[in-house]
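The next block holds one structure in the form of structure tokens; read it before the comments.
Basis for what follows: all heavy atoms, side chains included, without hydrogens, waters or symmetry-related copies.
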Amino acid sequence: RSTLPITIQRRMTMSDEMNVMPELTLDPSGAAAAAAVLLAFGGYNFHVARDFSQRGEQLLTVSVPYGQRVNLTLQDGTSVWLNAGTTFRYPALFTGRERRVEIDGEARFEVAHDARHPFIVETYACDVEVLGTKFNVMAEERNGLFATALFEGRVAVTNRIVPGERLMLEPDEVVTL
């Protein structure tokens, strides 16, 4: 291991007539310390990014007791009203290309517009995909019920029971199975 200082030269122009060649000296132990700081900072950023990604994958569950209703605002600004007897699963953070939630029961949604990240409500029977709209979903697997009512905007309803079946709803339209 060398203990000689490392010399870096660079040309600085003070004026058209005079050029100065300053010498910058960096002690090898200082370079090692700087490298250690950069590695530590990079490792910390990697850890934070990995933790952020893992939190986004974590699903939270809300189960509404009979006789009650719950209002939630999701991380993206979407408002959700859950009816009695509903179970709603959603990620703590929306980190992927789409914003996907799951429901068994009934809920009304006012979805925050984000054209690059479609909002998808997954049920036992159908997926309801929106970009920014107001709609209601009722999906009770135990009773074999599914319905979606659109108030504003547009939604696409994709049947999970009959593959390839997809409907586009306009305001004031309802689809049931």
Indicate the atoms forming the closest heavy-atom contact of [X] with [Y], along with that distance.
X: T73; Y: S79; answer: OG1-OG, 4.1 Å
X: N71; Y: V80; answer: OD1-O, 3.2 Å
X: G153; Y: P171; answer: O-CD, 3.4 Å
X: T78; Y: A112; answer: OG1-N, 3.1 Å
X: G67; Y: A84; answer: N-CB, 3.5 Å
X: A125; Y: L177; answer: CB-CD1, 3.7 Å

Donor-acceptor contact below 3.5 Å, side chain [X] vs main chain [Y]:
X: N159; Y: I161; result: yes
X: E173; Y: E170; result: yes
X: Y90; Y: I103; result: no
X: T86; Y: E106; result: yes

Linked, directly or transitively: [X] and [Y] (ILVMFWY side chains, under 4.5 Å):
X: V111; Y: V62; value: yes
X: L150; Y: V175; value: yes
X: V174; Y: V137; value: no
X: L167; Y: V155; value: yes
X: W81; Y: M138; value: no

Atom [atom1] in [X], atom [atom2] in [Y]: separation rounded to 0.5 Å?
X: D114; Y: R99; atom1: CG; atom2: CZ; value: 5.0 Å
X: E122; Y: D104; atom1: CD; atom2: CG; value: 11.5 Å
X: T87; Y: E140; atom1: OG1; atom2: CD; value: 10.5 Å
X: R100; Y: D127; atom1: CZ; atom2: CG; value: 5.0 Å
X: C126; Y: E165; atom1: SG; atom2: CD; value: 7.5 Å
X: L93; Y: Q75; atom1: CG; atom2: CD; value: 5.0 Å

Is there side-chain contact between V157 and F146, with at least one heavy-atom pair below 4.5 Å?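 With C-beta onward as the side chain, the pair touches.
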Side chains of L59 and E102: closer than 4.5 Å at any heavy-atom pair?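 Sidechains of E102 and L59: in contact.
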For the pair T148 and L169, evaluate side-chain contact (heavy atoms from CB on, under 4.5 Å) and give the outcome as yes or no after the intermediate values. CA-CA 9 Å; T148 296; L169 294 182; 4.2 Å; yes
Could you go through E110 and K134, starting from their C-alpha distance and side-chain angles, then the distance that decides it, and tell me whether this counts as side-chain contact (heavy atoms from CB on, under 4.5 Å)? CA-CA 4 Å; E110 289 188 11; K134 296 178 183 177; 3.5 Å; yes
Heavy-atom count check: over 12 atoms from other residues, nucleotides or ligands less than 6.0 Å from R142 CZ?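 Check passes, neighbour count above 12.
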Answer yes or no: are there more than 12 heavy-atom neighbours, outside R69 itself, under 6.0 Å from its atom CZ?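 Not more than 12 within 6.0 Å, no.
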Pair V130, I120 - check side-chain contact (heavy atoms from CB on, under 4.5 Å), show working. CA-CA 6 Å; V130 300; I120 299 169; over 6 Å; no
Would you please indicate if the ring centroids of F151 and F135 are separated by under 6.0 Å?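 Between F151 and F135, the centre distance exceeds or equals 6.0 Å.
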Which word best sums up how the rings of F119 and F94 line up, parallel for under 30°, tilted for 30 to 60°, or perpendicular for over 60°?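 Geometry flag for F94 against F119: perpendicular rings.
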Run the numbers on F88 and L72 for side-chain contact (heavy atoms from CB on, under 4.5 Å), then give the verdict. CA-CA 10 Å; F88 181 63; L72 299 170; 3.8 Å; yes
Taking it one step at a time, do T61 and R89 satisfy side-chain hydrogen bond (donor to acceptor under 3.5 Å, both in side chains)? CA-CA 4 Å; T61 301; R89 285 174 292 285; 5.2 Å; no
